[in-house]
Amino acid sequence: MRLGELKPAKGAVTKGFRKGRGTGSGNGKTSGRGHKGQKSRSGSGGKIGFEGGQMPLYRRLPKRGFHNRNTKEIVAINVSMLNVFDNGTEVTVEALQSKGLISNPRDGVKILGQGDLTKKLTVRVNKYSKTAADKIKAAGGEAEVI
């Protein structure tokens with residue numbers, strides 16, 4: 001069997017049906033649209049959400065609040081979680097992912113100041129709280145913003 005010899009199964013492909021080709025075709029005159037009415041006219045697709053003049057669902061439901069499209073989703077972890085790293089390690093977003101502390105960094109990572117840090121680390125992430133940066137420096141490490 002060659003590519004040029006491939007054919008669809010018998011009866012799988014049918015010829016397209018042409019409407020409006022005379023009354024003898026069985027689908028002539030009104031071409032299956034019936035008589036008169038909105039859907040018999042050309043261009044009767046209608047608007048999205050149009051319900052025949054009834055108040056559409058998207059207008060009937062209450063709307064509350066505001067969703068900011070430009071907001072950033074920051075993943076936060078505490079200083080105490082950084083104790084899983086060895087002394088003198090450079091902690092980056094990739095290192096946090098490989099240790100399983102974060103699964104998806106989204107728009108950035110922020111270190112928060114809850115807990116204590118006992119290791120000297122060089123931490124390179126997007127943001128720090130003031131207490132977190134102070135605790136990293138107090139342990140002898142560095143807190144660098146990327």
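Please read all numbers here as calculations on a predicted model, not as lab measurements.
Here the closest heavy-atom approach between residue Ser98 and residue Ala95 is recorded as OG-O, 2.8 Å. Annotation for Thr71 and Asn68: closest pair CG2-O, 3.4 Å, computed over non-hydrogen atoms. Arg41 approaches Arg33 most closely through the heavy-atom pair O-NH1, 3.2 Å. Heavy-atom minimum distance, Gly20 versus Ser31: CA-OG, 3.2 Å. Taking every heavy atom of both residues into account, Arg18 and Arg21 meet most closely at NH2-NH2, 3.1 Å.
Heavy atoms of other residues, nucleotides or ligands lying less than 6.0 angstrom from CD of Gln114 number 12 at most. Within a 6.0 Å radius of CD in Gln38, no more than 12 heavy atoms belonging to other residues, nucleotides or ligands are found. Surrounding NZ of Lys63 are more than 12 heavy atoms belonging to other residues, nucleotides or ligands, all under 6.0 Å away.
Formation of a donor-acceptor pair under 3.5 Å by the Lys135 side chain with backbone atoms of Gly113 is found in this model. A donor-acceptor pair under 3.5 Å is formed between the side chain of Asn27 and the backbone N or O of Gly32. Of the possible polar contacts, none joining the Asn87 side chain to the Lys119 backbone as a donor-acceptor pair under 3.5 Å is found. Not one N or O on the side chain of Asn104 forms a donor-acceptor pair closer than 3.5 Å with the backbone of Val75. Side chain of Tyr128 to main chain of Val123: a donor-acceptor pair is present (N/O by atom type, distance under 3.5 Å, no hydrogens or angles).
Residue Ile48 belongs to no hydrophobic cluster, having no ILVMFWY side-chain heavy atom closer than 4.5 Å to its own.
The cluster map of Ile, Leu, Val, Met, Phe, Trp and Tyr, joined by side-chain heavy atoms under 4.5 Å apart, puts Ile74 and Val125 in different clusters. Under a hydrophobic-cluster definition in which Ile, Leu, Val, Met, Phe, Trp and Tyr are linked whenever side-chain heavy atoms come within less than 4.5 Å, directly or via other members, Val79 and Ile146 are assigned to the same cluster.
Contacts classified as salt bridge (Lys or Arg N to Asp or Glu O under 4.0 Å) and involving residues 43-56 (residues at least two apart or in different chains) are given here: Glu51-Arg60. Applying the salt bridge (Lys or Arg N to Asp or Glu O under 4.0 Å) test to every pair with at least one member in residues 79-107, sequence neighbours left out, gives these pairs: Glu73-Arg106, Glu90-Arg124.
Side-chain contact between Val145 and Asn126 is absent, with no heavy atoms from C-beta onward closer than 4.5 Å. Proximity of Leu96 to Val91: side-chain heavy atoms (C-beta onward) are separated by under 4.5 Å at one or more points.
Once rounded to the nearest 0.5 Å, the distance linking CG of Leu101 with CG of Asn78 reads 11.0 Å. To the nearest 0.5 Å, atoms CG (Leu61) and CE (Met55) are separated by 12.0 Å. Here Leu117 contributes atom CG and Lys137 contributes atom NZ; the two are 13.0 Å apart, rounded to the nearest 0.5 Å. Here the straight-line distance linking atom CG of Leu112 with atom OG1 of Thr131 works out to 7.5 Å at 0.5 Å rounding. For the atom pair NE2 (His35) and OG (Ser40), the distance works out to 10.0 Å, reported to the nearest 0.5 Å.
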*I would like to know whether Ile102 and Val93 meet side chain to side chain contact (heavy atoms under 4.5 Å, CB included); could you show each step before the answer?*
CA-CA 8 Å; Ile102 58 172; Val93 175; 4.1 Å; yes
*Could you walk me through whether Leu82 and Ile77 pass the side chain to side chain contact (heavy atoms under 4.5 Å, CB included) check?*
CA-CA 9 Å; Leu82 299 178; Ile77 64 165; 4.1 Å; yes
